[in-house]
Structures are given as structure tokens and as C-alpha cells.
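No hydrogens, no waters, no symmetry mates; every other heavy atom, side chains included, goes into these values. Numbering of ligands and ligand atoms starts at 1, following listing order. Positions are given from 1 along the sequence.
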Amino acid sequence: MKQRQEPLIFDLSREGRMGTTLPEVDVPEISIENALPEGGIRKDLPLPSVSELDVIRHFTHLSERQISVDSSFYPLGSCTMKYNPRVNERISRLPGFTSVHPLQPEETVQGALTLMYELERYLAEIAGMDAVSLQPVAGAQGELAGMMVVRAYHQSREDDARTTVLVPDSSHGTNPATAARVGFQIAKIPSNERGTVDIDALKGMLGPNIAGLMLTNPNTLGLFETDVVKICEMVHDAGALLYCDGANMNAILGKARPGDMCFDVMHFNLHKTFSTPHGGGGPGAGPIAVKDFLKPFLPVPVIEKDGNRYWLNYDKPQSIGRLHSFYGNFLVMVKAFAYIRMLGAEGMREVSENAVLNANYIMSKLKDIYPVPYDRYCMHEFVATAKEHKKRGVKALDIAKRLLDMGFHAPTVYFPLIVEEALMIEPTETESKETLDAFIQAMIEIDRESREDPDMVAHAPYNTPITRVDEVGAARKPKLTCFGE
Ligand SMILES: *Cc1c(COP(=O)(O)O)cnc(C)c1O
């Protein structure tokens with residue numbers, strides 16, 4: 001990676017230079033001064049005067065100053081940063097998909113509705129659930145939708161005492177946050193020494209005040225909740241519902257289904273499991289899936305099919321309502337649809353098999369130097385601890401930073417909270433053995449450095465465009481403009 005300091009685009013500006021050639025005006029010219037009211041024109045608008053090539057090089061250089069899934073191995077646990085096949089992007093750019101308008105009459109968008117309806121059916125099949133809504137646009141919004149469905153269900157039965165939602169202490173932060181946003185109290189269930197839900201503790205917490213339990217399976221330690229069926233029975237016996245955080249579906253595609261584990265409601269992260277880009281790489285999608293008895297509460301509109309005709313049903317009196325404008329992020333759905341069709345059932349099983357194999361391969365090679373507190377076969381990810389390294393003055397954060405020097409994205413650190421100096425590693429199925437071996441070598445190297453020169457590791461990175469930054473300062477006192485203070 002280059003260490004060059006990139007100039008601001010304004011520094012490249014030269015009086016009179018232009019990036020475009022405008023055609024000759026073929027309409028009557030009016031002067032802006034006459035067209036706009038006094039005071040409506042800025043005279044001091046500082047725009048750079050640059051050539052097209054200057055602009056292209058400038059932004060290309062900027063784009064190279066980061067580590068992305070297209071440039072490097074990206075083992076960010078819990079996030080499933082897998083390769084986004086280019087064919088998905090091609091398909092989602094077909095004019096038939098990009099040119100439809102959400103206000104077009106239903107008869108003219110039958111293709112788009114067919115795709116959405118079929119994607120719902122695929123997701124329902126993969127999850128072992130009965131009905132799906134594609135509307136939520138992030139995992140967290142799917143959780144919000146799911147927990148609103150849980151609340152609507154209890155309200156429909158006039159069961160108003162259910163004010164508390166249970167979450168394991170290993171849960172993703174969005175779980176308690178969304179449940180709280182819906183108005184529930186949160187109670188935390190401790191994990192046992194195997195890293196899974198402590199059944200006895202759960203027993204003591206269940207009661208007529210419990211609305212539901214939010215569980216991730218496999219959980220955020222990358223461990224399969226082997227007691228899930230028992231947990232489910234206990235939760236249902238207490239009159240509560242079981243919510244599945246499906247962000248970790250990459251581990252179980254085609255192998256196990258939340259619906260069969262008797263979950264009532266769940267969300268997917270299409271931008272994790274189904275290979276659509278994340279965050280800055282594109283908008284997300286967090287569809288939810290429910291069992292039949294929760295169907296009336298799904299967001300509107302619901303896509304219905306009569307014979308060969310698809311239509312949007314808004315007449316759902318018990319619905320939690322709308323969560324997003326129109327129908328969610330349609331082009332993300334197109335990508336997920338393409339991915340599912342490309343792989344088929346057999347391909348998806350192989351995704352999980354390889355994701356789990358890759359994670360276990362790295363874990364088995366590293367666990368002697370980076371101990372794994374819950375030492376069992378893992379699923380798609382595992383959590384190691386750097387607490388021995390910390391005694392030598394090298395924290396999990398420092399290891400993460402040093403990996404950047406070696407050309408790898410950092411793993412997730414300090415999550416889940418129940419592991420001290422956590423390093424959460426998720427290789428995904430899309431990486432070759434050579435890449436995994438190179439990462440393992442880098443981790444071994446950093447371990448050696450932490451013994452020989454801990455101070456050096458503690459101040460990494462050195463090869464990145466920006467070295468160690470004050471992350472707290474950046475969050476608390478952000479500088480959001482390049483113009484002075
Ligand atoms: C990513 C993730 C979420 C939240 O999904 P977003 O799309 O980022 O909102 C929830 N739970 C788990 C376990 C996750 O990994």
C-alpha cells in the first residue's frame with residue numbers, strides 16, 4: 001500500500017482547467033442574475049477546476065487507500081464479508097430492473113413482483129418458515145420488524161403483561177437495542193461454561209412477563225446452541241415467542257432450519273449470507289420470516305398471487321404497518337435471488353460446509369497461540385482471546401492493527417463481550433486454502449513479534465496511509481469538512 005499523502009482535489013485546481021466539454025446552447029440564454037432573486041446566488045462557491053484525468057486519478061488513488069473485500073482477506077467475524085459475485089451486479093443492473101418505478105401499475109411490474117414473490121418462497125424454504133416480508137432494509141430493521149410482530153401478537157391476545165425480552169449475554173448489540181426500541185425491558189441470560197445458553201438460569205427467568213427470547217444460532221461465539229429445541233419448548237411453555245437472529249445463516253444453509261428448531265420469527269441479512277455488498281458497498285436487506293400464526297402481523301404491502309397474477313395487498317388490519325418506503329431495497333433482492341438461483345440447494349449446502357471447514361481450519365492452526373475459551377468445533381466463526389498477549393503489552397486492538405500492515409483486514413475485536421480481548425474470526429467459504437494459510441502465517445508472525453518487540457506491535461500500523469488514529473477523538477470530535485475548522 002502506498003504511503004503517499006493524497007492532495008485535496010482543490011490543490012489540483014488550476015484556473016480555467018475543465019473536465020467536460022459542454023455542447024453549444026440551443027435554447028435562449030438567460031442570465032442567472034435575472035432568473036434568481038437577489039441574494040439567491042452564491043458568489044463564493046469554491047469549485048475545483050480540474051481535468052477529467054485529474055479527477056479519475058484522484059478518486060482512484062483514494063479508493064486504493066483502504067482494505068476491502070475485493071482487495072484483501074476480510075475475516076470480520078459476525079459480518080460474513082464474503083465475495084460478492086460480479087454476475088449479481090450485472091443482473092441487478094439490467095434496465096428492466098433499474099428502470100421500473102415503484103408507483104407503476106401492478107400489471108406493468110409483474111416481473112419484479114414475480115422475483116420478489118419467488119425470493120420470499122426461497123427464503124421461507126431455506127428457513128423452514130411459512131411467510132416472508134422483504135421490506136426491512138437492514139438486519140437491525142428486520143429485528144425491529146420481528147419484535148414489533150412479537151408485540152402485536154401478544155397485544156392481539158390482550159396479553160399485556162409481557163413486557164420483557166430475554167437476550168443471551170453473548171448476543172449482538174442490535175438484539176437488546178431493537179427490543180428496547182419497541183418498548184420492551186431487557187433481561188440478560190448468562191452463558192454456561194460451554195458458551196451456550198445457561199438452561200437453569202433461563203428456567204428461573206421465564207414467566208408471564210416474558211414476551212420472547214432473541215437467540216442467534218449459531219451464536220456469536222460461532223457455537224451451535226445444541227439445546228435449542230429444549231430452549232424453545234421452555235419458552236413456548238411460558239407463553240413467549242422465540243426470535244432467531246439469522247445473521248449467522250451462513251453456517252447452516254441447507255443443513256438446518258430455524259423453523260425446524262421451532263423458532264417463530266427470524267430475520268435474514270441478505271447482505272451477509274446471500275452475498276450482496278454491505279454498508280458503503282450498497283444498501284442492505286433484512287427480510288423477516290414467520291410461522292403461519294404470525295402472518296397477519298407482517299408489514300404491508302404483502303405480495304399475493306392469484307393464478308399467474310401478482311398483486312400488492314394493503315388490506316391487512318393486524319399488520320404492524322409499513323417499515324420502509326415502497327417495498328424495501330429491490331435491487332438487493334435481485335442480487336440475492338441471482339445468488340440463490342446460481343447456487344441451487346446443493347451449492348448452498350456447500351457454502352455452509354466450506355464456511356465451517358475454513359473456520360475450523362484456522363482455529364485448529366491458531367488455538368495454541370491464541371487460546372479459544374470455548375474450545376469446541378466451531379461453526380462459521382470462532383472467538384480467540386489475546387489476554388496472554390495483553391500481559392506482554394499487546395492488546396487485541398494492536399493485533400488487529402498489525403494485521404493491516406500485513407495486508408489483511410482486521411477481525412472483529414472486543415465482541416462478544418463475554419470474551420476478554422476477543423478476536424472474532426470468520427473466514428467465509430469464498431477463500432482459498434492459500435489465503436487462509438497466509439493469514440495463519442501473519443497471525444503466527446504477530447505472536448512472535450509480540451514476544452520480541454511488543455512495543456512495535458502496540459504502535460502498529462506502519463504501512464497504511466494513516467497510521468494509529470485517535471478513534472475516540474474521531475468519534476467525539478469529528479472534523480467533517482476540509483475547509484478550515
Ligand atoms: C450484522 C448482525 C446484525 C445486524 O445486522 P445489520 O444489517 O448490520 O443491521 C444482527 N445480529 C448479528 C448476529 C449480526 O452479525
- Basic-acidic side-chain contact under 4.0 Å: R181, E143: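 Salt bridge: no.
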- Message: For atom 7 (O) of ligand 1, tell me which residue out of M424, H271, E143 has the closest non-hydrogen atom.
- Response: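 Looking at heavy atoms only, the winner is H271.
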- Is the closest heavy-atom distance from Q141 to ligand 1 below 4.0 Å? no
- Where does S78 meet ligand 1, judged by heavy-atom distances below 4.0 Å: at the side chain, the backbone, both, or neither? both
With atoms numbered from 1 as shown, which atoms in ligand 1 lie under 4.0 angstrom from a non-hydrogen atom of [X]?
X	value
G139	5 (O), 6 (P), 7 (O), 9 (O)
A140	4 (C), 5 (O), 6 (P), 9 (O)
A247	2 (C), 11 (N), 12 (C), 13 (C), 14 (C), 15 (O)

- Item | CD1-CG distance between I340 and L270, expressed to the nearest 0.5 angstrom | 7.5 Å
- Query: In terms of ring plane angle, is the pair Y74 and H409 parallel, tilted or perpendicular, where the classes change at 30° and 60°?
  - Reply: parallel
- Is the F408 ring parallel, tilted or perpendicular to the F439 ring (thresholds 30°, 60°)? perpendicular
- Query: Any donor and acceptor pair, going by atom type alone, linking the side chain of R402 with main-chain N or O of P461 inside 3.5 Å?
  - Reply: no
- Determine whether more than 12 heavy atoms belonging to other residues, nucleotides or ligands lie under 6.0 Å from atom CZ of R468.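 Buried by this count: over 12 neighbours within 6.0 Å.
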- Message: Taking distance alone, with N or O pairs closer than 3.5 Å, would you say T220 contacts ligand 1?
- Response: no
